[in-house]
Protein chains: 2
Amino acid sequence: MTKHSGCPTETTLALIAGKWKVMVIYWLLKEKRRFNQLQRDLSGITPRTLGKQLKEMEQDGLLKRVDYGEIPPRVEYSLTSLGRSLEPILIAMEEWAQLNGEKIPARKKQRHLENSLEIKD
Amino acid sequence: MTKHSGCPTETTLALIAGKWKVMVIYWLLKEKRRFNQLQRDLSGITPRTLGKQLKEMEQDGLLKRVDYGEIPPRVEYSLTSLGRSLEPILIAMEEWAQLNGEKIPARKKQRHLENSLEIKD
DNA sequence: ACAAGTACTATCATTTAGGATACTGTTGAA
DNA sequence: TTCAACAGTATCCTAAATGATAGTACTTGT
């Protein structure tokens, strides 16, 4: 009952919880960018996934897509003011991690360990 | 995922991105709670999922589990200071949503609409 | 004697996110 | 003339998250 509940915190969370969305916002905070440029910035993302994340963020009102109707195509993505207004929250999360990062036991690695042990057994 | 990069923002995000974790934190901010009490609080969660979320949060250092070794069992969950230190971030997200909620086109609801239309068709 | 509460775990199924790969049509460059 | 670049889409697939359901061992209340 997180997203179906009206909890505002989860509303905000849902907007940035995609695997690449925070990084998309970070790149677009610097300046507007074109599709293939973003794909190069976010090393490792596939065009399908990038397209989905961008479309969702556009639907959420976080960024706007401008298609110049040229050939070869030129499409520019930039943050809306709504998207830019998330920056303080992202910075707060960044600072929190920098302050408390040492206190967070690395759960991922533990899980890895568990798996290898299970396999050996 | 999001953790593959060393981005601190994503580190923080990963800690609260589980489907029920924000609500778990909210309840535990009020006071410590037992397992079945939390299950009642988070109406709709299954014990399996609650157990997983709690275990992850414990491994992440956000909460501590105290087993009193009694029978019938009594186990109490409470936030650590690390867990409590997330409160300002959650509040920031809450306030952001309350401020900007109207500007967010409801993507979820749109999808719902699509689905019902598809079913009717 | 029997049900309910306690804190879970085990097994199976479903849903969803994301990845791999291939492809589109057009243009300008080699 | 063949190639890369552009901004994607289409199809298929895997992995991870979450849900449904049932069951554990024990005790207290009726």
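Just so you know, these numbers come straight off a predicted model, no measurement behind them. To find a chain, count down the sequence lines: A is the first, B the second, and so on, and within it residues start at 1.
Taking only side-chain nitrogens and oxygens, Q53(B) never comes nearer than 4.0 Å to OP1 or OP2 of dA17(D). Between T49(B) and the phosphate of dG19(D), there is a side-chain N or O to OP1/OP2 separation shorter than 4.0 Å.
Taking atom CD1 on I71(A) and atom C1' on dC6(D), their separation rounds to 10 Å, with Å as the unit. To the nearest angstrom, C1' of dA7(C) lies 17 Å from CZ of R33(B). Atom-to-atom, CD1 of I45(A) to C1' of dT21(C) comes out at 16 Å; the value is rounded to the nearest Å. Distance K19(A) NZ to dA17(D) C1': 14 Å, rounded to the nearest Å. Atoms CG (L38(A)) and P (dC6(D)) sit 12 Å apart, rounded to a whole Å. Note: CG (L50(A)) to P (dG19(C)) measures 11 Å, nearest angstrom.
Two residues are said to be in side-chain contact when any heavy atoms from C-beta on lie closer than 4.5 Å; L29(A) and I25(A) meet this criterion.
Contact record, P47(A) with F35(A): O-CZ, 3.5 Å, taken as the closest heavy-atom pair.
Candidate nucleotides dT18(D), dA20(D), dG5(C) were compared by shortest atom distance to the side chain of W20(B), and dT18(D) ranks first.
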Within the sub-3.5 Å range, which N or O atoms of nucleotides 7-9 of chain D have a protein N or O partner, and how far apart are they?
{"residue": "dA7(D)", "atom": "OP1", "partner": "R34(A)", "partner atom": "NE", "Å": "2.7"}
{"residue": "dA7(D)", "atom": "OP1", "partner": "R34(A)", "partner atom": "NH2", "Å": "3.2"}
{"residue": "dA7(D)", "atom": "OP1", "partner": "V75(A)", "partner atom": "N", "Å": "3.4"}
{"residue": "dA7(D)", "atom": "OP2", "partner": "N36(A)", "partner atom": "N", "Å": "3.1"}
{"residue": "dG8(D)", "atom": "OP1", "partner": "R65(A)", "partner atom": "NH1", "Å": "2.3"}
{"residue": "dG8(D)", "atom": "OP2", "partner": "Y77(A)", "partner atom": "OH", "Å": "2.7"}

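In this structure, CG on L63(B) lies 12.5 Å from NZ on K55(B), to the nearest 0.5 angstrom. For the atom pair CD (E95(A)) and CG (L90(A)), the distance works out to 11.0 Å, reported to the nearest 0.5 Å.
Under the rule for a side chain to side chain donor-acceptor pair (under 3.5 Å), the partners of T46(A) that lie at least two apart in sequence or sit in another chain are T49(A).
Counting side-chain heavy-atom gaps under 4.5 Å among Ile, Leu, Val, Met, Phe, Trp and Tyr, the cluster of V66(B) also holds Y68(B).
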